[in-house]
Amino acid sequence: MSPIALLFLVLGLGLIGWLTARVRATRFRAGSTVRFSSLPSHHGWYVALWTAIPPLVFLVVWSMTAPALVTDAVLATPAAIQLPPPGFDRASILSEARSLAEGRSFGAFHGLARTLAPSYAAAQSRYDWIATAAALLLAFAGGAFAFTRVKPGFGARTQVERVVMLMLLGASLIAILTTVGIVASLLYESARFFSVVPITDFLFGTHWSPQVIDARDPGASLGAVPLFWGTFFIGAVIAMIVAIPFGLMSAIYLTQYAAPNTRKWMKPILEVLAGVPTVVYGYFAALTVAPAVRDLAVSVGISWASSESALAAGLVMGIMIIPFVSSMADDSIAAVPSSMRDGSLAMGATSSETIRRVLLPAALPGVVGGVLLAVSRAIGETMIVVMAASGVATLTLNPFASTTTVTKQIVDLLTGEAEFDSPKTLAAFALGLTLFVVTLLLNIVALRVVKRYREAYE
C-alpha cells in the first residue's frame, strides 16, 4: 500500500475510534446525575489519539529506515553480483534502478539498472506490506487499549490535554532546534572561512572578486565592504525613501482622515502588498521598473545608466515594505490616547497641527520600531535583488549605477557546481552570518523600542 493511502487509512481509523468512543461516553452519561470530569468529545479524542499517533510515529521512523532495508535486500539478490565496488558508479546504478522501479523514469544510462529494477520493485512491495501490517496492528492495538479505558470515572480530558501539551512542546522544540542548527552551521562554516581569510580582510576589504582568487592571499579578493554598502544603499536608503513617506502618510490618512467604510476597504487592500510573493516583485522590477529607470536616465543625459541599477531594485523593494511601515505606524497612531488629540483640538490647533505636533511625536517610538523592522526585512530580501540588481560589487552613490547586495552574492556563490572547501563557497556562509547578526540586532532594537512604547500607552 502506498504511504499516502496508508496515511489516510490510519486517519480514517482514528476518526472511527473518535466516533465510537464518543458514542460510548454519551451512553453512560445519559440519565446520570453525576458530574463527570470529561466530555464525550474528550473520550473520543483520547481513543483517536491512541489509534493514530503510534502508527504515525512508526511510519515516520519506517520512512527513514526502509530505503536502506530495500537496498540491502536488492544487494542480496544474485543480480547484484555484477555491481561494481562502492565508489565506482555503484550509487548511480542503484539510484537509476530505484527510479525505474518506482516509475519516476522510463530509461536508464546503465544497463545493470534495468536488471536490478524488478528486484527493487519486489523488495519495495514486500516492505510496503510489512509497514502496512505493522501500522494497522499498532492502530488496532492502540485503539482497543484506549477504548477499554472509556469509563465514567476515567479522566480523558486530563490525558488529552497532556498529549496536546506534549505536541505543542515538541513543535516549540523543533523551532528552537532548527534555529540552533542554522546558527551552528553558519558558525561552523564561517569559522572554516575565517581560518583561511582573515576577518579584517573580509569585513574591511574594498575589493570583491570571488571569481579570481589568489591562493596565496585569498582575502585580497574577498573584501565585503562593497556588498555591505550595496545592501545598505538599496535596502536602507532607497527603499526607505520610498517606504517611509508613503507608509507613514497612508497610516495618517487611514487613522485620521478616512471614513470608517473607506478604512475598512483600504487597509486590507494596502496589506495585500505584504502577501504578494517576492518573485512577483522581482519580475516587476526586472521587466517594468528597471527599463523605465534606464530610459529615464537616458532621457536626462545619463547614457551609461544600467538596467540593473540600485534605483530599480530599491524602488520595488520600497513598494514591497510599505505595508510593514504603514501597519506599525497605523497601530502606533491609533494607540495614542484620544484625550491627547481632543485636548490639542480643544486648544485651537488644526487637524494637521495636531497630527504633526501631538500624535506623531507621541507615536514616534512605535513608528521607529516599525521602520527598523522594515529595514531588517529589506536588507534580507533576495528575489528582488537577484532579478533586478547587478552582480558587480561597486562603491557608488549613483542610484543609476550597477551595484550588488549580500543576498545576491550568496545566491551567486552557491549556484552551480561549487566546491565546499574553497574560500569562494565558504564566503557565502560568512556573508550569511554577517547578515544574520545585523538583522538580529535590528530586530532586537526594534522590539525594545516597541515594548517601551507599549508600556507608555497601554
Side-chain angles (χ1 to χ4, degrees), residues 1-67 127-182 264-265 267-268 271-272 274-275 277 327 331 334-335 447 451 454 458:
M1 183 178 292
S2 66
I4 300 299
L6 184 56
L7 175 63
F8 279 106
L9 179 59
V10 170
L11 295 178
L13 291 175
L15 177 61
I16 294 173
W18 185 85
L19 292 173
T20 54
R22 191 174 184 277
V23 169
R24 183 175 182 178
T26 303
R27 286 179 178 176
F28 66 65
R29 288 171 60 96
S32 176
T33 59
V34 180
R35 182 179 179 87
F36 294 93
S37 62
S38 304
L39 295 173
S41 59
H42 294 138
H43 292 278
W45 280 112
Y46 178 76
V47 175
L49 291 174
W50 265 101
T51 304
I53 290 180
L56 291 178
V57 172
F58 166 76
L59 291 176
V60 171
V61 177
W62 182 262
S63 66
M64 294 184 289
T65 58
Y127 280 107
D128 284 346
W129 282 110
I130 292 175
T132 300
L136 293 179
L137 180 62
L138 287 173
F140 282 114
F145 167 76
F147 191 76
T148 58
R149 304 190 68 185
V150 179
K151 299 177 181 178
F154 178 64
R157 175 182 176 181
T158 304
Q159 299 295 327
V160 171
E161 290 178 348
R162 186 175 301 170
V163 172
V164 173
M165 183 186 68
L166 291 176
M167 293 172 64
L168 294 176
L169 178 61
S172 301
L173 289 177
I174 289 174
I176 294 172
L177 292 177
T178 301
T179 305
V180 171
I182 293 172
K264 183 177 66 175
W265 287 101
K267 188 172 176 62
E271 292 181 349
V272 164
S327 179
D331 295 339
L447 292 175
K451 182 179 179 181
R454 287 177 176 172
E458 284 186 356

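This one's a predicted model, so the numbers in the text were calculated from it and none came from an experiment.
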For [X], does the [atom1] atom have more than 12 heavy-atom neighbours from other residues, nucleotides or ligands under 6.0 Å away?
{"X": "Arg24", "atom1": "CZ", "value": "yes"}
{"X": "Phe140", "atom1": "CZ", "value": "no"}
{"X": "Ile4", "atom1": "CD1", "value": "no"}

Give me the atom names and distance for the closest heavy-atom approach of [X] to [Y].
{"X": "Ala146", "Y": "Tyr46", "value": "CB-CE2, 3.6 Å"}
{"X": "Leu13", "Y": "Ala139", "value": "CD1-CB, 3.9 Å"}
{"X": "Trp18", "Y": "Ala48", "value": "CB-CB, 3.9 Å"}
{"X": "Gly143", "Y": "Val47", "value": "O-CG1, 4.0 Å"}

Kindly compute the distance separating CD1 (Ile174) from CG (Leu169), expressed to the nearest 0.5 Å.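 So the gap between those two atoms works out to 10.0 Å.
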Rounded distance (nearest 0.5 Å) linking atom OG1 of Thr26 with atom CG of Leu39: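 One finds 9.5 Å between OG1 of Thr26 and CG of Leu39.
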Are any non-hydrogen side-chain atoms of [X] and [Y] less than 4.5 angstrom apart?
{"X": "Asp128", "Y": "Leu6", "value": "no"}
{"X": "Leu7", "Y": "Leu56", "value": "yes"}
{"X": "Leu15", "Y": "Leu11", "value": "no"}
{"X": "Val163", "Y": "Gln159", "value": "no"}

Is His43 reaching over with its side chain to a backbone N or O of Pro40, donor-acceptor style, under 3.5 angstrom? no
Main-chain N/O of Arg157 paired to Ser38 side chain as donor or acceptor, under 3.5 Å: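 Yes; at least one donor-acceptor contact below 3.5 Å.
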Classify the ring geometry of Tyr127 against Trp62: parallel below 30°, tilted from 30° to 60°, perpendicular beyond 60°.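 Tilted: the ring planes of Tyr127 and Trp62 meet at 30° to 60°.
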Residues Val10, Leu138; criterion side chain to side chain contact (heavy atoms under 4.5 Å, CB included); working and verdict: CA-CA 10 Å; Val10 170; Leu138 287 173; over 6 Å; no
